[in-house]
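Shown next, in structure tokens, is the structure this report addresses.
Each residue takes its place number in the sequence, starting with 1. As a basis for the values below, the full set of heavy atoms in this structure was taken, side chains included, without hydrogen atoms, waters or symmetry mates.
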Amino acid sequence: MISRSTKREIMMDYQHPNEKCDLVNGNWTFEYGYKQFERYCRIKNLREKTIKDYNENYFRFVNYMKECSTHTITGSITAYDIDNYILYLRNTGMKETSVNTYLRGLRTVINFFIKQKACNYIKIPIYKADKTIKETYTDDELYRLLVKPSINKCSFTEYRNWCIINFFLATGVRVSTLINIKIGDLDFDFDRIHLMYTKSRKSYIIPMSHQIKDILQEYLMFRKGNDEDYLFCNQYGEQSTTDSIKHAITKYNKDHGVNRTSLHAFRHTFAKKCVLNNVNVFVLQRLLGHTDIKITKEYVDLYADDLAVNIDKYNPLDTFQYKTSNQKVNKTKKSTRKRIEMKKIS
């Protein structure tokens with residue numbers, strides 16, 4: 001258990017004089033502990049989505065503890081509790097990658113408790129998980145989704161959704177980045193797009209293809225607005241939310257006979273198409289905004305089977321032999337023409 005002097009230090013560091021905190025005999029309750037962690041996250045200026053993810057990961061564990069143990073304070077959490085929690089997650093049929101996601105979030109919170117001496121030292125392990133093929137859209141699904149609606153007949157929302165899907169496939173951006181793009185971030189003079197809001201919190205620039213440039217220029221004729229307005233707004237001209245885009249694209253996909261509705265699958269599809277089109281891995285890393293190239297290389301590994309289908313088209317030996325054989329054929333044709341021409345002259 002935590003000593004009284006340590007409890008006093010914790011209280012001096014974190015408890016506001018007028019705050020009625022949730023403590024049990026001076027120990028942090030699960031809820032109070034998270035309040036202090038959330039405060040710490042806001043001091044570090046973490047994004048709301050990141051804090052929301054920590055909240056979800058942590059309180060899943062708290063709910064488990066309340067159902068399966070008598071512990072109510074952070075100082076009573078043990079490694080045995082963590083091991084049982086891992087088994088509980090696996091028994092729900094959850095994928096190992098998802099289990100690790102919950103454990104990473106929980107580990108961050110628990111490490112904060114340990115640092116603040118509100119919890120004994122506990123090591124939360126992250127186990128290796130088999131890499132699964134990332135969900136992507138099939139060509140048939142893409143053909144259905146990319147059929148352009150009649151601008152004169154469809155609603156603005158439907159037309160905007162079509163533009164969004166084109167934008168996803170042309171850039172591979174995350175939905176959190178998409179909803180924060182402003183009209184002024186589009187540079188039509190130099191064919192590039194400034195991505196100011198990213199997961200890594202580092203802005204970067206990506207090229208704008210000719211096709212998406214034409215689509216965006218036409219879209220802005222209907223969207224209108226100034227440089228500070230959000231590009232893909234809602235029907236009232238306000239910034240869209242992640243959930244509103246998710247619901248809108250889900251409806252759009254199903255209306256077009258496509259049951260797959262994942263927004264992130266568009267990003268995976270973009271990456272897969274780039275891999276199959278032999279885009280350099282360093283270029284792909286830049287396009288996807290990955291800070292670690294290992295993440296980018298995972299796409300190459302995951303789509304190895306797809307690469308094997310078209311191996312003859314880009315394998316160095318095959319392409320070299322194809323070129324040399326073509327050269328021989330061309331030389332043979334030239335020599336044959338010369339013989340024919342010489343016979344005609346004679």
Ring-face cation of Arg60 near Tyr102 (centre distance under 6.0 Å, axis angle within 45°):
yes
Under 3.5 Å donor-acceptor, Gln217 side chain and Asp214 backbone
no
Would you check if the distance from the ring center of Tyr58 to the ring center of Phe37 is below 6.0 Å?
no
Considering residues, nucleotides and ligands other than Met94, do more than 12 of their heavy atoms fall under 6.0 Å from its CE?
yes
When rounded to the nearest 0.5 angstrom, what distance separates CD1 in Ile183 from OH in Tyr219?
7.5 Å
Report the residues that fulfil salt bridge (Lys or Arg N to Asp or Glu O under 4.0 Å) with Arg90, sequence neighbours left out, ordered by chain and then residue number.
Glu96
List, one per line, each side-chain donor-acceptor pair under 3.5 Å for residues 145-156, sequence neighbours excluded.
residue: Lys148; atom: NZ; partner: Glu218; partner atom: OE1; Å: 2.7
residue: Lys148; atom: NZ; partner: Glu218; partner atom: OE2; Å: 3.1
residue: Ser155; atom: OG; partner: Glu158; partner atom: N; Å: 3.2

Is it true that a side-chain atom of Asn234 and a backbone atom of Glu238 form a donor plus acceptor pair closer than 3.5 Å?
yes
Ring centres of Tyr159 and Phe222 under 6.0 Å apart?
yes
Residue Lys246 excluded, over 12 heavy atoms near NZ under 6.0 Å:
no
Counting only N and O atoms by type, is there a donor-acceptor contact under 3.5 Å from the side chain of Asp229 to the main-chain atoms of Asn226?
yes
Rounded to the nearest 0.5 Å, what separates atom CD1 in Ile249 from atom CH2 in Trp162?
12.5 Å
Does the side chain of Thr101 pick up a donor-acceptor pair with the side chain of Ser98 at under 3.5 Å?
no
Is any side-chain heavy atom of Ile73 less than 4.5 Å from a side-chain heavy atom of Phe30?
no
Any donor-acceptor pair under 3.5 Å linking the side chain of Arg267 with the backbone of Gly172?
yes
Does Thr74 reach the main-chain N or O of Thr29 with its side chain, forming a donor-acceptor pair under 3.5 Å?
no
Spacing of CG belonging to Asn166 relative to OG1 belonging to Thr171, to within rounding of 0.5 Å:
10.5 Å
Check the side chains of Asn111 and Thr108 for a donor-acceptor pair under 3.5 angstrom, ignoring hydrogens and angles.
no
Side-chain touch His194/Ile206, heavy atoms, less than 4.5 angstrom
no
Short side-chain to backbone donor-acceptor contact, Arg160 and Cys233, under 3.5 Å
yes
In Å and rounded to the nearest 0.5 Å, what is the CG to CG distance from Leu89 to Leu103?
6.5 Å
Pair listing, side-chain hydrogen bond (donor to acceptor under 3.5 Å, both in side chains) test, anchored in residues 172-182, at least two apart
Asn180-Gln239, Lys182-Glu228
If the plane angle is over 60° it's perpendicular, under 30° parallel, otherwise tilted; pick one for Phe266 and Tyr137.
parallel
Closer than 4.0 angstrom, basic N to acidic O: yes or no for Arg144 and Asp255?
no
Flag the pair Glu38 and Arg42 as a salt bridge only when some basic side-chain nitrogen lies within less than 4.0 angstrom of an acidic carboxylate oxygen.
yes
